[in-house]
Amino acid sequence: MTIRWGIMSTGRIAGDFARDIAAVPDASVVAVGSRSAEAAAAFASKYGIPATHTTGESLAGDSSVDAVYVAGIHPVHRDHAILMMEAGKHVLVEKPLAMNPAEVAEMTSVSRRTGRFLMEAMWMRFNPLHVELKRRIDAGEFGRITSIEADFSFAGPNDASHRLFDPAKGGGSLLDVGVYPITLAWWFAGAPDEWRADVEFGPTGVDVGATLELARRDGSRAVLQCGTQREGSRTATITCEHATIRIPPPAHSSPVADITTSRGVETVRCAPPGLHHQVVEAQRCITAGLIESPRMTHADSLAIATFIDDVLVSSRR
């Protein structure tokens, strides 16, 4: 059964989605929504999409659409996702799922009430390399994880009105890129029992950099960094009892990693990353009648949203 998708937004990530979904044989994009009729028409022409809409309500009411990819800026995720679910659509929402844990909780509640599928589009969790590394770690191949170091920092534009720095557009490094190293540590090693954060706030009031130190009762630790004002390594190192796994930049989307053990260095190469991997999972769940993915659960999204909110709230005191 082909699942027919709509896309709400015409930004860069929406374009990536329209491009990558072509690799999924039982998926098609049949509609796009934007506040701008011109932007919707240009996007539809570029990607061969038959229908355009200039409001979310119009896209939600399109009977030809089964599922919607919510791809706008962070502050619209909640409203767009709830609108679509209330109209009977399944939704895949670009990360972060929402601005804060209260919004995440509301969205997951609507998912349960309407019976519509909802998943945070944390595409790193579906990239073949990360899935393979997680499989081998969970199988005990390298022993227990002892530490994780991960960074996602880059120099954003010097523009206070840019979405990265504008509070009204959901600006902030933790929500935009910090979610990647946080998710990596949470997914591979589990939730921390203790944490410490050093967060830098910029002139517009949003966080522009952070260093997080996480600790678990089993002795494992993680040092995570993110930022939007200066370049970082954008690498990840996962140290286990019997191996060290290094993911080169950009660590959140690399198809390759080096695993160093007493036997030498193994280079692991997997299929390229892309948004289509999460589409495959979303469609598998929708076809099976699930409202959430066991690989990216509502509880996972809520836990990480709560952690980021706790970090920001405590750092502003």
Side-chain angles (χ1 to χ4, degrees), residues 1-11 13-34 40 43-53 55-72 77 79-95 97 107-128 130-132 135 270-301:
M1 179 185 72
T2 295
I3 292 180
R4 303 165 299 176
W5 287 83
I7 301 176
M8 189 61 207
S9 180
T10 57
I13 196 69
D16 291 347
F17 184 88
R19 177 199 66 208
D20 290 357
I21 200 173
V24 184
D26 55 350
S28 65
V29 179
V30 298
V32 61
S34 172
F43 192 93
S45 176
K46 181 176 181 178
Y47 295 105
I49 301 170
T52 61
H53 298 274
T55 67
E57 289 78 7
S58 177
L59 178 59
D62 188 334
S63 61
S64 72
V65 174
D66 302 310
V68 174
Y69 175 54
V70 173
H77 288 182
D79 289 350
H80 285 173
I82 289 177
L83 174 65
M84 300 305 166
M85 287 188 287
E86 295 280 14
K89 314 301 186 192
H90 304 286
V91 288
L92 180 64
V93 183
E94 178 54 29
K95 64 80 194 163
L97 187 61
M107 292 160 73
T108 58
S109 176
V110 172
S111 172
R112 289 191 298 271
R113 175 170 55 78
T114 61
R116 299 297 90 184
F117 177 80
L118 167 70
M119 188 176 84
E120 181 176 7
M122 174 46 68
W123 64 296
M124 182 187 71
R125 289 189 69 149
F126 301 95
N127 287 341
H130 298 82
V131 172
E132 174 64 7
R135 182 192 68 78
C270 294
L275 304 189
H276 56 293
H277 300 298
Q278 66 190 6
V279 173
V280 171
E281 172 63 6
Q283 296 201 163
R284 183 191 70 81
C285 294
I286 291 169
T287 301
L290 303 178
I291 64 168
E292 63 180 317
S293 165
R295 294 175 60 187
M296 185 69 211
T297 66
H298 295 172
D300 288 337
S301 294

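The figures that follow rest on heavy atoms only: side chains count, while hydrogens, waters and symmetry mates do not. Residue numbers count from 1 along this sequence.
When atom types are taken as modelled, the side chain of Glu292 and the backbone of His298 share a donor-acceptor pair closer than 3.5 angstrom. Looking only at distances, no side-chain donor or acceptor of Ser28 sits under 3.5 Å from a matching main-chain atom of Arg4. In this structure, the side chain of Arg116 engages the main chain of Gly88 through a donor-acceptor pair within 3.5 Å. No side-chain donor-acceptor contact under 3.5 Å links His80 to the backbone of Tyr69. With Lys95 contributing its side chain and Glu120 its backbone, the two residues share no donor-acceptor pair below 3.5 Å.
Partners of Phe117 under the ring pair (Phe, Tyr, Trp, His ring centres under 6.0 Å) rule, at least two apart in sequence or in another chain, do not exist in this structure. With sequence neighbours excluded, the residues that form a side-chain contact (heavy atoms from CB on, under 4.5 Å) with Ala51 are Ala31, His53, Asp62. Applying the side-chain hydrogen bond (donor to acceptor under 3.5 Å, both in side chains) criterion to Ser109, with sequence neighbours excluded, gives no partner residue. In this structure Ser293 satisfies the side-chain hydrogen bond (donor to acceptor under 3.5 Å, both in side chains) test together with Glu281, sequence neighbours excluded. For His90, the ring pair (Phe, Tyr, Trp, His ring centres under 6.0 Å) criterion is met by no residue, not counting sequence neighbours. Not counting sequence neighbours, the partners of Glu86 by the side-chain contact (heavy atoms from CB on, under 4.5 Å) test are Ile82, Val110, Arg113, Thr114. With sequence neighbours excluded, no residue satisfies side-chain hydrogen bond (donor to acceptor under 3.5 Å, both in side chains) with Asp79. With sequence neighbours left out, the side-chain contact (heavy atoms from CB on, under 4.5 Å) criterion links Arg19 to Asp16, Tyr47. Partners of Thr10 according to the side-chain hydrogen bond (donor to acceptor under 3.5 Å, both in side chains) rule, which considers only residues two or more places apart in sequence or in another chain, do not exist here. Remark: Asp20 engages no residue in a salt bridge (charged side-chain N to carboxylate O under 4.0 Å, His left out) (not counting sequence neighbours). Residues forming a side-chain contact (heavy atoms from CB on, under 4.5 Å) with Pro272 (at least two apart in sequence, or on another chain): none.
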- Message: Using salt bridge (charged side-chain N to carboxylate O under 4.0 Å, His left out), reason through Arg125 and Asp300 one step at a time and then give a plain yes or no.
- Response: CA-CA 11 Å; Arg125 289 189 69 149; Asp300 288 337; 3.5 Å; yes
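Ser9 and Ala14 get closest at one heavy-atom pair: O-CB, 3.4 Å. Shown here for Phe17 and Trp5, the closest heavy-atom pair between the two residues is CZ-CE3, 3.9 Å. Taking each heavy atom of Asp66 and Thr2 in turn, the nearest pair found is OD2-O, 4.0 Å. The two atoms that bring His77 and Met107 nearest to each other are O-CE, 4.0 Å, heavy atoms only. Annotation for Ala40 and Thr52: closest pair O-CG2, 3.6 Å, computed over non-hydrogen atoms.
In this structure, the separation between CE on Met296 and CE on Met124 is 9.0 Å, given to the nearest 0.5 Å.
Counting only residues at least two apart or in different chains, salt bridge (charged side-chain N to carboxylate O under 4.0 Å, His left out) contacts with residues 21-31 are absent.
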